[in-house]
*Asks:* 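Sharing a structure below in structure tokens format, with a few things to ask.
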Amino acid sequence: MNHAYISLGSNLDNPENQVRRAIASINAIPGCAVLKCSSLYQTAPVGYLDQPDFINAVVMIETTLSPIDLLHALQQIEKDQKRMRVMKNGPRTIDCDLLTYNNIVLDSNELILPHPRMNEREFVMKPLLEIEPDWQHTDCK
Ligand code: PH2
Ligand code: MG
Ligand code: MG
């Protein structure tokens with residue numbers, strides 16, 4: 001079975017509900033099951049600062065989907081939750097980022113694995129280390 005880690009973030013329209021709904025939707029993707037789920041963390045915005053705090057979490061799933069099919073399923077969840085792409089790093093109802101998929105290293109137009117900024121982002125690493133205390137930093141692009 002394949003294992004993937006996904007980070008979730010929201011800072012619009014009841015962020016806690018948005019993150020919980022996205023986790024339930026990930027678990028409902030055919031061929032996906034959420035095996036581990038971090039706590040929900042309230043975090044200060046990183047990058048663009050003039051926006052509300054975020055709720056962040058990380059889940060670990062097992063999946064029969066390929067990385068690209070999983071990415072597309074996550075993008076569909078973002079669409080279902082009315083994600084708008086107005087500005088880079090700006091406020092959003094939900095962001096579902098594929099962090100890693102097995103040990104795959106990939107650099108395509110659509111998807112880079114591991115996620116290139118995961119190591120430097122505390123809002124990713126804190127929830128990730130909660131569910132995987134022995135996590136070793138992955139080499140990123
Ligand atoms: N996501 C970003 C940019 N900044 N800051 C926090 N605290 N949480 C996020 O999820 C986040 C961010 C771009 O994806
Ligand atoms: Mg993101
Ligand atoms: Mg994203």
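Order of appearance sets the numbers: ligands from 1, and atoms from 1 within every ligand. What you see below is based on every heavy atom in this structure, not just the backbone, and it leaves out hydrogens, waters and symmetry mates.
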*Asks:* Is there a polar contact, in the sense of an N or O pair closer than 3.5 Å, between V46 and ligand 1?
*Replies:* yes
*Asks:* Provide, to 0.1 Å, the distance between atom 9 (C) of ligand 1 and the closest protein heavy atom, together with that atom's residue and name.
*Replies:* F123 CE1, 3.3 Å
*Asks:* I need the atoms of ligand 1 closer than 4.0 Å to a non-hydrogen atom of R92, numbered in the order shown.
*Replies:* 13 (C), 14 (O)
*Asks:* For the 3.5 Å polar cut-off, considering only N or O atoms, please tell me whether A44 and ligand 1 meet it.
*Replies:* yes
*Asks:* Could you list which atoms of ligand 1 come closer than 4.0 Å to a heavy atom of N89?
*Replies:* 2 (C), 3 (C), 13 (C)
*Asks:* Out of I61, V59, T64, which residue meets the side chain to side chain contact (heavy atoms under 4.5 Å, CB included) rule with C32?
*Replies:* I61
*Asks:* Specify which N/O/S atom of D97 comes nearest to the Mg ion (ligand 3), by atom name.
*Replies:* OD1
*Asks:* Going only through I, L, V, M, F, W and Y residues with side-chain contacts under 4.5 Å, is there a path from L8 to L128?
*Replies:* no
*Asks:* So do the side chains of D95 and E78 get within less than 4.5 Å of each other, counting heavy atoms only?
*Replies:* yes
*Asks:* Is any side-chain heavy atom of S25 less than 4.5 Å from a side-chain heavy atom of D80?
*Replies:* no
*Asks:* Against ligand 1, does K88 come closer than 4.0 Å with any heavy atom?
*Replies:* no
*Asks:* At what distance, to the nearest 0.5 angstrom, does OH of Y48 lie from CE of M87?
*Replies:* 4.5 Å
*Asks:* Using a 4.0 Å cutoff against the non-hydrogen atoms of N56, which atoms of ligand 1 qualify?
*Replies:* 6 (C), 7 (N), 8 (N), 9 (C), 10 (O)
*Asks:* Determine whether a donor-acceptor pair (N or O, by modelled atom type, separation under 3.5 Å) exists between the side chain of D107 and the backbone of L113.
*Replies:* no
*Asks:* Nearest N/O/S atom of D95 with respect to the Mg ion (ligand 3), by atom name, please.
*Replies:* OD1
*Asks:* Using a strict 4.0 Å cut-off to heavy atoms of D95, name the atoms of ligand 1 that fall inside it.
*Replies:* 14 (O)
*Asks:* Considering non-hydrogen atoms only, spot the tightest contact between D13 and Q18 and give its length.
*Replies:* O-NE2, 3.0 Å
